[in-house]
Amino acid sequence: MSLKKLDTVLATAVVLFTLYLGLSFVLPLETSFPGLPNWPSGDSGFPIVKGSREIAMGLAMGVLLVTGHRRALGWVLLMVAVAPFGDMVNVLAHHGSTAAAFGIHGLTSALIAVTGVLIVRETSKARKAQEAAAQPA
């Protein structure tokens, strides 16, 4: 499998999971908040805020993926990796489960960041090859 295909599969998985996660917070389902010892109640607004954030991030990444703006997608993935990192810090700061903080949020952040780095790296190699080909001999 080529690097571009692997990057596309990883990015697609990130986009779909992010949208699924956002919808699971917004839709009236029994939602859990991994790692927090005292989960916010359904009427606190927390699920809507968290879900809206996830949906917005998923849509932004999805649009870049579908339209082929791969370099921008790589940079957006790197920025989006900050959200689960912040969730990890939040869980740790509120004396939540360390295992959930690192195992769920930390690993999610790392996966998204690695996917972003792979895509930025892939696109920078392609850009250098195009520039080299465009230069007169």
Side-chain angles (χ1 to χ4, degrees):
M1 180 181 288
S2 72
L3 180 61
K4 185 174 181 177
K5 285 183 183 179
L6 175 66
D7 294 348
T8 302
V9 168
L10 288 171
T12 302
V14 169
V15 168
L16 292 176
F17 181 73
T18 304
L19 289 171
Y20 166 77
L21 187 62
L23 289 172
S24 71
F25 281 104
V26 171
L27 296 177
L29 304 172
E30 285 298 318
T31 304
S32 63
F33 304 99
L36 292 177
N38 298 315
W39 294 352
S41 65
D43 61 348
S44 71
F46 181 78
I48 299 298
V49 170
K50 186 162 175 55
S52 298
R53 177 190 81 172
E54 300 293 332
I55 292 169
M57 291 186 312
L59 289 173
M61 293 182 295
V63 166
L64 293 172
L65 179 64
V66 169
T67 59
H69 292 89
R70 296 182 68 79
R71 189 160 182 80
L73 173 62
W75 286 110
V76 168
L77 281 162
L78 287 170
M79 291 185 299
V80 165
V82 173
F85 182 81
D87 292 343
M88 178 186 74
V89 172
N90 186 29
V91 169
L92 293 171
H94 290 91
H95 309 293
S97 166
T98 304
F102 290 111
I104 297 169
H105 304 294
L107 286 177
T108 299
S109 179
L111 173 65
I112 295 170
V114 166
T115 303
V117 166
L118 288 172
I119 291 176
V120 168
R121 187 169 161 232
E122 165 213 320
T123 57
S124 67
K125 285 182 179 180
R127 180 177 283 177
K128 287 178 187 175
Q130 285 177 344
E131 288 173 359
Q135 298 221 342

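What's counted below: heavy atoms across the whole structure, side chains too, no hydrogens, waters or symmetry copies.
Here the shortest heavy-atom pairing between I112 and P84 reads CD1-CG, 4.1 Å. In this structure, G106 and M88 approach most closely via the heavy-atom pair CA-SD, 3.7 Å. Of all the heavy atoms in T108 and I104, the pair that sits closest is OG1-O, 2.6 Å. A pairwise comparison of heavy atoms in A11 and L73 identifies CB-CD2, 4.0 Å as the closest pair. Residues V91 and S97 come closest through the heavy atom pair CG1-O, 3.6 Å. Minimum interatomic distance between A113 and L78 (heavy atoms only, all atoms of both residues): O-CD2, 3.4 Å.
Note: the hydrophobic cluster containing V114 also contains L3 (ILVMFWY, side chain heavy atoms under 4.5 Å, direct or indirect links). Note: the hydrophobic cluster containing V117 also contains W75 (ILVMFWY, side chain heavy atoms under 4.5 Å, direct or indirect links). Hydrophobic clustering (ILVMFWY, side-chain heavy atoms < 4.5 Å, transitive): I55 and M79 are in one cluster. Follow the hydrophobic side-chain contacts under 4.5 Å out from L27 and you never reach L16; the two are in separate clusters. Clustering ILVMFWY residues whenever any of their side-chain heavy atoms sit less than 4.5 angstrom apart, transitively, puts L23 in the very cluster that holds M57.
Taken from NE2 in H105 to CG in L107, the straight-line distance is 11.0 Å, to the nearest 0.5 Å. Distance check: I119 CD1 to D7 CG gives 5.0 Å after rounding to the nearest 0.5 Å.
Within the 4.5 Å cutoff, no side-chain heavy atoms of V14 are placed close to those of L10. Counting heavy atoms from C-beta outward, V49 and F25 have side chains that stay 4.5 Å or more apart. Within the 4.5 Å cutoff, the side chain of K50 has heavy atoms near those of the D87 side chain. At least one side-chain heavy atom of H94 sits under 4.5 Å from a side-chain heavy atom of N90.
A donor-acceptor pair under 3.5 Å is formed between the side chain of S109 and the backbone N or O of A81.
Under the side chain to side chain contact (heavy atoms under 4.5 Å, CB included) rule, R70 has a single partner from L64, V120, T8, which is T8.
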